[in-house]
A.B. asks: 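Just dropping this structure here.
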Amino acid sequence: MNHSAVSEIGRRLAEAFRLSAAPLAICGSEEVPADAVPLPSVHRCIAVAMYRMATGAADAPALYLGEEANAGCCPGGLAHMGFVGRSAEIRWFISTGRSDVRGGAAEYLKADPALVDACFERAGPVTPPGRYLVIRPCLSVLEDTPVRSICLFGTAEAVRNIAALVHFDRPDPFSPVLAPWGPACATFVSYPAGMAAGAPRDAAFMGPTDPTVNHAMPPDLLAIAIPIAVARRMAENLDASFVVRRPRVAFPERGRNL
C-alpha cells in the first residue's frame, strides 16, 4: 500500500480523526476531467459546494471551475481563485458600504475600505493551479495527479486534534496553524493550495472566519485545509503521535472526568 498516495493520506486522516465528511483534494488540470461537473451546478459558493461534496454521496463527481467555465459562480470566489479580476467596489461592500455601491449594501467584515485593500495586498495576486481548478474526494485521486492541498471538515474536537498533529513535528508554537481573514473559499482552497502569493506555504488554515457561510454550515463544524506536503508528514506521523498512542485523550469518553 502506498502510504504517500493522496487517496491513502485522506483515508488515514479521516479514519484517525473519525471524520464523517470525505477529505477533499485541490488540484489543477489543463483539461476537464471526464468525471467532473461544473462547480456552480452544485452551488454558486465554492465553499458551500465543497461542503456539500464532502458530506454527500460517496460517489460524488469532481467539481471544476475555469475562466470560461464559471457561469453562476460567485464573482468574489472567482476573483479569489484567480480567474477574474477583483471588482473595485468590493472594498466598500466588504466594509462599511457606500450609497452608490450596490444600493449601500455592506457586509461590515472590516472597519473601513482601506483595511480591505491592505488585506488583499498582503494576500497578493492569485494564480490558478491550471486552466481548471479541480476539487474531488481524496479517494478518487489517481496517484499521478498533482494535488496542491487537502481540505478536511469535522467537529471542533476533531479539528482541534488535527491542528495538534500539524504541530507534532514543528518547533514554532505559533505559525503552523493559522485562522486567516478572507472568504471561506480562500481558507479552503487558494491559501493552502499556494495559489495566493502571500499565503504561507507550510501552514494549515483553520476556519472559516467568514460568517457569510454560516447559513449553510452547521454551527459545530470547522474545516482545516492543509498543503499536501504538510498532510503527507501528518500521515507519516500518525503512529508516533497522541492520535494513535493516546486515543482516549484525543477522543475522551464523554461524562467521565469532566
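Atom set for the values below is all heavy atoms of this structure, side chains included, hydrogens, waters and symmetry mates excluded.
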A.B. asks: Considering all heavy atoms of both residues, which atom of P75 and which atom of V84 are nearest to each other, and what is their separation?
C.D. replies: O-CG2, 3.9 Å

A.B. asks: Decide yes or no for L19 and L13: does some side-chain heavy atom of the first lie under 4.5 Å from some side-chain heavy atom of the second?
C.D. replies: no

A.B. asks: Rounded to the nearest 0.5 Å, how far apart are OG of S95 and NZ of K110?
C.D. replies: 10.5 Å

A.B. asks: Answer yes if I228 and V177 sit in the same cluster of Ile, Leu, Val, Met, Phe, Trp and Tyr residues linked by side chain heavy atoms under 4.5 Å apart, and no otherwise.
C.D. replies: yes

A.B. asks: Quick one, M206 and P180 - any side-chain contact, counting heavy atoms below 4.5 Å?
C.D. replies: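 M206 vs P180: side chains apart.
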
A.B. asks: Do M81 and V147 belong to the same hydrophobic cluster, where Ile, Leu, Val, Met, Phe, Trp and Tyr are linked whenever their side-chain heavy atoms lie under 4.5 Å apart, directly or via other members?
C.D. replies: no

A.B. asks: Minimum heavy-atom separation for P38 to Y64, with atom names?
C.D. replies: N-CE2, 3.4 Å

A.B. asks: Looking at R245 and D239, is any side-chain nitrogen of the basic one under 4.0 Å from a carboxylate oxygen of the acidic one?
C.D. replies: no

A.B. asks: State the CG-CG distance between N70 and L39, to the nearest 0.5 angstrom.
C.D. replies: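 Atom-to-atom, N70:CG and L39:CG are 10.5 Å apart.
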
A.B. asks: So, taking the atom named OG in S87 and the one named CG in L78, what distance separates them when rounded to the nearest 0.5 Å?
C.D. replies: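 These two atoms lie 12.5 Å from each other.
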
A.B. asks: Do the side chains of R91 and D112 get close enough for a salt bridge, i.e. N-O under 4.0 angstrom?
C.D. replies: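 Salt bridge between R91 and D112, a charged N being under 4.0 Å from a carboxylate O: no.
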
A.B. asks: Look up atom CZ in R11 and atom SG in C138, then write down how far apart they are to the nearest 0.5 Å.
C.D. replies: 12.0 Å

A.B. asks: ring-ring contact (aromatic ring centres under 6.0 Å, His included), that's the test. Do F120 and H80 meet it? Break it down for me.
C.D. replies: CA-CA 10 Å; F120 287 159; H80 282 282; 5.5 Å; yes

A.B. asks: Go through the steps to decide whether L133 and V189 satisfy the test side-chain contact (heavy atoms from CB on, under 4.5 Å), and finish with yes or no.
C.D. replies: CA-CA 10 Å; L133 170 71; V189 179; 4.0 Å; yes

A.B. asks: Could you tell me whether D202 and R233 have a side-chain N and a carboxylate O separated by less than 4.0 Å?
C.D. replies: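 Looking at R233 together with D202, the answer is yes, because their closest N to O distance falls below 4.0 Å.
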
A.B. asks: When you compare the side chain of L65 with that of P40, does any pair of heavy atoms fall below 4.5 Å?
C.D. replies: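 Heavy-atom side-chain distance check passes, below 4.5 Å.
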
A.B. asks: Which heavy atom of G194 sits nearest a heavy atom of R201, and at what distance?
C.D. replies: O-NH2, 3.3 Å

A.B. asks: State, to 0.1 Å, how close T96 and P113 come at their nearest heavy-atom pair, and which atoms those are.
C.D. replies: OG1-CD, 4.2 Å

A.B. asks: Between F188 and F153, is the ring-ring contact (aromatic ring centres under 6.0 Å, His included) condition met? List the steps.
C.D. replies: CA-CA 10 Å; F188 295 177; F153 294 92; 5.3 Å; yes

A.B. asks: Less than 4.5 Å apart, side chain to side chain, heavy atoms only: is that true for D35 and R136?
C.D. replies: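 Yes. Closest side-chain heavy atoms under 4.5 Å.
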
A.B. asks: Are there more than 12 heavy atoms of other residues, nucleotides or ligands under 6.0 Å from atom CD of E30?
C.D. replies: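 Yes - once you tally the heavy atoms of other residues, nucleotides and ligands closer than 6.0 Å, there are more than 12.
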
A.B. asks: Using the side-chain contact (heavy atoms from CB on, under 4.5 Å) rule, take C74 and R44 through it: C-alpha gap first, then chi angles, then the decisive distance, then the call.
C.D. replies: CA-CA 5 Å; C74 165; R44 71 184 300 272; 4.0 Å; yes

A.B. asks: Quick check for you: to the nearest 0.5 Å, what is the distance between S190 atom OG and R148 atom CZ?
C.D. replies: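 S190 atom OG to R148 atom CZ measures 11.0 Å (nearest 0.5 Å).
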
A.B. asks: Does a side-chain heavy-atom distance below 4.5 Å link F242 with P247?
C.D. replies: no

A.B. asks: Are side-chain N/O atoms of E68 and Y132 paired as donor and acceptor at under 3.5 Å?
C.D. replies: yes

A.B. asks: F17 versus L165: any side-chain heavy-atom pair under 4.5 Å?
C.D. replies: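 Yes, at least one pair of side-chain atoms sits under 4.5 Å.
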
A.B. asks: Is any side-chain heavy atom of L152 closer than 4.5 Å to one of I226?
C.D. replies: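 Heavy-atom side-chain distance check passes, below 4.5 Å.
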
A.B. asks: Would one find more than 12 heavy atoms of other residues, nucleotides or ligands at under 6.0 Å from atom CZ of R246?
C.D. replies: no

A.B. asks: Do I162 and M234 make a side-chain contact, defined as non-hydrogen atoms from C-beta onward lying under 4.5 Å apart?
C.D. replies: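 Yes, their side chains come closer than 4.5 Å.
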
A.B. asks: Tell me the closest heavy-atom pair linking T55 and A21, and the distance in Å.
C.D. replies: CG2-CB, 4.0 Å

A.B. asks: Return a table of donor-acceptor pairs under 3.5 angstrom between the side chains of residues 210-223 and protein atoms on other chains or two or more places apart.
C.D. replies:
from: D210; atom 1: OD1; to: T212; atom 2: N; distance (Å): 3.0
from: D210; atom 1: OD1; to: T212; atom 2: OG1; distance (Å): 2.6
from: D210; atom 1: OD2; to: A184; atom 2: N; distance (Å): 3.0
from: D210; atom 1: OD2; to: T212; atom 2: OG1; distance (Å): 3.2

A.B. asks: Same hydrophobic cluster for M53 and I26, using side-chain heavy-atom links shorter than 4.5 Å among ILVMFWY?
C.D. replies: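 Yes, M53 connects to I26 through the hydrophobic network.
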
A.B. asks: Would F93 and L115 show up in the same hydrophobic cluster when neighbours are defined by side-chain heavy atoms closer than 4.5 Å?
C.D. replies: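 No, because F93 and L115 fall into different hydrophobic clusters, even though each may have its own neighbours under 4.5 Å.
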
A.B. asks: Does R98 pair with D100 as a salt bridge, N-O distance under 4.0 Å?
C.D. replies: yes

A.B. asks: Output the distance between atom NE2 (H43) and atom CZ (R52), rounded to the nearest 0.5 Å.
C.D. replies: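 Here the interatomic distance stands at 4.5 Å.
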
A.B. asks: Hey, mind stepping through I135 and C27 against side-chain contact (heavy atoms from CB on, under 4.5 Å) and telling me if it holds?
C.D. replies: CA-CA 6 Å; I135 304 169; C27 323; over 6 Å; no

A.B. asks: In this structure, would Y191 and I90 fall into the same cluster of hydrophobic residues linked by side-chain contacts under 4.5 Å?
C.D. replies: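 No: no chain of side-chain contacts under 4.5 Å links Y191 to I90.
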
A.B. asks: Which atom pair, heavy atoms only, marks the closest approach of A16 to L238?
C.D. replies: CB-CD2, 3.7 Å

